[in-house]
Amino acid sequence: FGEYVSTKLYTNSLGKSYLELVTENTGEEISKVTSKLNIYISNFIYPTISIVTALISLLVYVVVLAFIDLRLLGILGICLGAVYIAVVSYVKARQVKTSEVINENLTKQSLIYLESLQNIKAVKVFALTNYYIEKYKKVEKLVRSAQATNVIYVQAPRFIVENAAIFLII
């Protein structure tokens with residue numbers, strides 16, 4: 001979703017007339033909208049989904065285990081706590097690597113913005129709009145893919161621990 005919207009904004013900006021592009025600060029406009037979109041997705045949508053699913057799962061597990069055996073609940077809590085700590089340590093290391101990919105490609109993305117808008121006369125005269133859109137889309141896809149990977153890494157400890165709990169209970 002984010003990749004589509006961001007690419008569409010960029011395409012619309014390059015589609016404007018030369019006069020509009022020269023008189024407006026289009027790069028700043030694109031940057032603001034893209035930043036707002038990223039903030040909305042990463043700060044509202046992902047955490048909300050994560051919190052709701054975690055609370056539902058936790059509630060179901062605790063209620064079921066409390067009915068089965070409180071001693072089992074304590075043992076599982078200790079074992080799963082150790083597993084959780086190990087998984088979180090591993091996931092943090094992986095997140096650092098994907099964050100580096102995100103930072104590197106965001107820098108490339110900014111350079112594409114600047115290059116296309118600084119050379120807007122050549123872009124319009126030589127019909128290079130599609131060239132820059134494809135170049136932008138390729139980098140945007142890498143950024144969104146790395147961001148999605150980080151979201152998966154954030155969720156991984158919980159799912160691994162939940163599956164370990166089910167396995168230990170059975």
Practice item. Please check if L142 and V151 belong to a single hydrophobic cluster, counting links between Ile, Leu, Val, Met, Phe, Trp and Tyr side chain heavy atoms closer than 4.5 Å. Key: no

Check your understanding: Do E104 and K108 meet the salt-bridge criterion of a basic N to acidic O distance under 4.0 Å?
Key -> yes

**Study point:** Path from V101 to L106 over hydrophobic side-chain contacts below 4.5 Å
**Key:** no

Check your understanding: Mind checking what makes side-chain contact (heavy atoms from CB on, under 4.5 Å) contact with K121, not counting sequence neighbours?
Key -> Y18, V125

**Study point:** Nearest heavy atoms of L128 and A122, plus distance in Å
**Key:** CD1-O, 4.0 Å

**Study point:** Closest non-hydrogen atom pair between S99 and N150, with its separation
**Key:** OG-ND2, 3.4 Å

**Study point:** Flag if over 12 foreign heavy atoms under 6.0 Å of NZ, K135
**Key:** yes

Point to revise | Interatomic spacing from CZ in F67 to CG in L70 - rounded to 0.5 Å | key: 10.5 Å

Review point. Looking at OH of Y136 and CG of L111, how far apart are the two atoms once the value is rounded to the nearest 0.5 Å?
Key: 13.0 Å

Exercise for review: Find the distance between CZ (F126) and OH (Y131) and round it off to the nearest 0.5 Å.
Suggested key: 14.0 Å

Practice item. Is it possible for you to say whether I75 and I78 belong to one hydrophobic cluster, with membership spreading through side-chain heavy-atom contacts below 4.5 Å? Key: no

Exercise for review: Could you tell me whether the side chain of S145 and the main chain of K141 form a donor-acceptor pair under 3.5 Å?
Suggested key: no

**Study point:** Set of salt bridge (Lys or Arg N to Asp or Glu O under 4.0 Å) partners for E100, sequence neighbours left out
**Key:** none

Study note, to complete from the structure: Here the gap from K138 atom NZ to I112 atom CD1, rounded to the nearest 0.5 Å, amounts to 9.0 Å

Check your understanding: Hey, are the side chains of Y132 and N119 touching, using non-hydrogen atoms and a 4.5 Å cut-off?
Key -> yes

Review point. How many angstroms lie between CD1 in I133 and CD in E140, if you round to the nearest 0.5 Å?
Key: 13.0 Å

**Study point:** Connected via hydrophobic side-chain network under 4.5 Å: V87 and I85
**Key:** no

Review point. Rounded to the nearest 0.5 Å, what separation is found between the OH atom of Y153 and the CZ atom of R94?
Key: 4.0 Å

Review point. Does N105 have any side-chain hydrogen bond (donor to acceptor under 3.5 Å, both in side chains) partners at least two apart in sequence or in another chain, and if so, which?
Key: none

